[in-house]
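Below is one structure, written out as structure tokens; comments come after it.
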Amino acid sequence: MLVLGIDTSCDDTSAAVVRDGREILSNVVASQISLHHQYGGVVPELASRKHIEWILPVVCEAIEEAGIDPARLEGVAVTSGPGLIGALLVGLNFARAFAYGLSLPWVGVDHLEGHVAAIFLERDFPAFPFVALLVSGGHTILYYVTGPARFELMGQTRDDAAGEAFDKVSKMLGLGYPGGRVIDSLSRKGDPARISFPRAYMTKHGFDFSFSGVKTAVARYLQRHATVFEREIPDIAAGFQESVIDVLVRKTVKAVEEKKTDRLVVAGGVAANSSLRKRMAAEAGRLGVALYIPRPELCTDNAAMIAAAGHHHLANGETGAIDMDAYSKSTLTKTNDVTNKSTTKISSR
Ligand code: KG4
Ligand code: ZN
């Protein structure tokens, strides 16, 4: 099945063509970073307007790059949430109209499910079940994934997402937006042991995370040291990054041990971080667990992952309702008990 995927959840306009949920024929991502950079973060209204300008050319480019006639498409999958409502509505309405025009089935896909599904676009992908750490700009969640679209929530952040902390610390250090990639590369030049920032292991809170403390600790450090020399910035970046990674790694290892699984997936924008990838690989080796991390461009937002997740739903015969709305909060973040391992099984629809 040839599926057109569309994602406009935040500041990237993306369209992709994927065969059978596995093979990427095209994956076009038009980034708005240069637009939002000057404001130090994404300006929702500007993001929506850019999506309106770009959605048609981006979809046309994806179809052209895939080298297919649009009449050969068999379904459309679009992110319906979570994300910025105005931005999501551009993709959702476009996808709905496009599918209607070509008499194609279409489905709304949860962006978080898409991030995890990115691993099925790799040659090497896991069988079910597996533990998945989803680390992005908006979410930090541990799941036990028992099937396609079957996500058991184990824990999630109680405040900032890991990516959000990277972005905020980057802003404090005057490194701009988005911060993850800059902190990643600067950290390679720094000494992570020179400045130690706190680690919120939250041992009494199961698999939940908290990253607002480390962000505040960096802010306090900068307030205490009225002059921070340029040469110190890599050490601050490396110290901060190490603290976030220590927590992500320790909690993920605990989740793998708890579920007695030998398969681990790490996904989402922060999974592009070079140091996190290395540390996870070392831990997986020590535990004898097979580690699956999508290549960096499939970790950050892209429409191929939405097509991969959507393929499963379309193949199941699901179709989107004509009055489907966009949503800002995912159902994949809801549980009856966030204080410890929940056994609530939540499917994406
Ligand atoms: O998944 P994503 O593209 O968008 C969301 O769904 O949020 O993730 C974006 C987040 C941003 O916070 C960005 O700073 C972070 O991923 N990120 C990184 C790296 N590349 C992107 N964080 C750490 N290291 C990186 N190399
Ligand atoms: Zn994302």
Side-chain angles (χ1 to χ4, degrees), residues 5-14 16 27 29-33 36-37 40-42 44 47 78-84 87-88 91 109-119 132-141 156-157 160-173 175-188 190 192 211 214-215 237-238 240-249 265-280 293-306 308-309 327-330 332-333:
I6 294 178
D7 182 78
T8 60
S9 56
C10 191
D11 58 343
D12 291 315
T13 316
S14 182
N27 192 14
V29 182
S31 164
Q32 299 180 6
I33 285 177
H36 300 286
H37 186 82
V42 178
V78 59
T79 305
S80 45
L84 304 170
L88 287 163
V109 170
D110 192 288
H111 186 77
L112 308 187
E113 187 189 339
H115 270 302
V116 174
I119 199 60
L133 171 69
L134 167 55
V135 254
S136 68
H139 299 87
T140 301
I141 308 180
Q156 61 185 319
T157 185
D160 289 359
E164 195 178 347
F166 269 91
D167 294 337
K168 287 179 177 165
V169 164
S170 169
K171 200 170 171 182
M172 287 177 212
L173 295 174
L175 303 171
Y177 171 87
R181 208 174 335 150
V182 191
I183 291 190
D184 185 358
S185 66
L186 261 187
S187 296
R188 284 183 218 139
F211 293 106
V214 62
K215 176 195 68 185
F240 158 76
Q241 179 177 279
E242 184 94 339
S243 133
V244 171
I245 291 176
D246 278 353
V247 173
L248 291 173
V249 168
V265 170
V266 184
V270 182
N273 185 275
S274 56
S275 183
L276 178 64
R277 297 171 83 94
K278 269 188 223 138
R279 289 278 304 281
M280 284 291 184
I293 313 183
R295 69 196 95 144
E297 64 269 30
L298 292 180
C299 288
T300 47
D301 286 353
N302 68 89
M305 68 186 199
I306 301 303
Y327 53 89
S328 56
K329 198 153 169 46
S330 173
L332 298 181
T333 59

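Atoms within each ligand, like the ligands themselves, are counted from 1 in listed order. Keep in mind that the numbers below use all heavy atoms, side chains included, and drop hydrogens, waters and symmetry copies. The first residue of the sequence shown is numbered 1, and numbering continues consecutively from there.
- The closest approach between G138 and ligand 1 falls below 4.0 Å for a heavy atom of the residue.
- Considering backbone and side-chain N/O of D184, one or more are found under 3.5 Å from N/O of ligand 1.
- The N/O atoms of G180, backbone and side chain alike, include one that comes under 3.5 Å of an N/O atom in ligand 1.
- Residue-to-ligand polar distances keep G268 apart from ligand 1: every N/O pair is separated by 3.5 Å or more.
- Counting only distances under 2.8 Å, and ignoring water, the protein N, O or S atoms around the Zn ion (ligand 2) are H111 NE2, H115 NE2, D301 OD1.
- Residue G163 has at least one nitrogen or oxygen atom sitting less than 3.5 Å from a nitrogen or oxygen atom of ligand 1, judged on distance alone.
- With values rounded to the nearest 0.5 angstrom, R279 atom CZ is found 10.5 Å from N273 atom CG.
- Between S80 and D110, the closest side-chain pair of non-hydrogen atoms is not below 4.5 Å.
- Atoms of ligand 1 found under 4.0 Å from any heavy atom of D167 (numbered from 1 in listed order, with element): 11 (C), 12 (O), 13 (C), 14 (O).
- Using modelled atom types and a 3.5 Å distance limit, the side chains of D12 and S14 yield no donor-acceptor pair.
- Of the heavy atoms in H111, only side-chain atoms (C-beta onward) come closer than 4.0 Å to ligand 1.
- Look at H115 and you'll find a heavy atom under 4.0 Å from some atom of ligand 1.
- Looking at atom 7 (O) of ligand 1, its nearest protein heavy atom turns out to be G137 N, 2.8 Å.
- Of all atoms in ligand 1, numbered sequentially from 1 with element shown, those under 4.0 Å from a heavy atom of G269 are 1 (O), 2 (P), 8 (O), 16 (O), 17 (N), 18 (C), 19 (C), 20 (N), 21 (C).
- Atom CG in L332 sits 9.0 Å away from atom CG in L134 (nearest 0.5 Å).
- Annotation: atom 2 (P) of ligand 1 to nearest protein heavy atom, D301 OD1, 3.3 Å.
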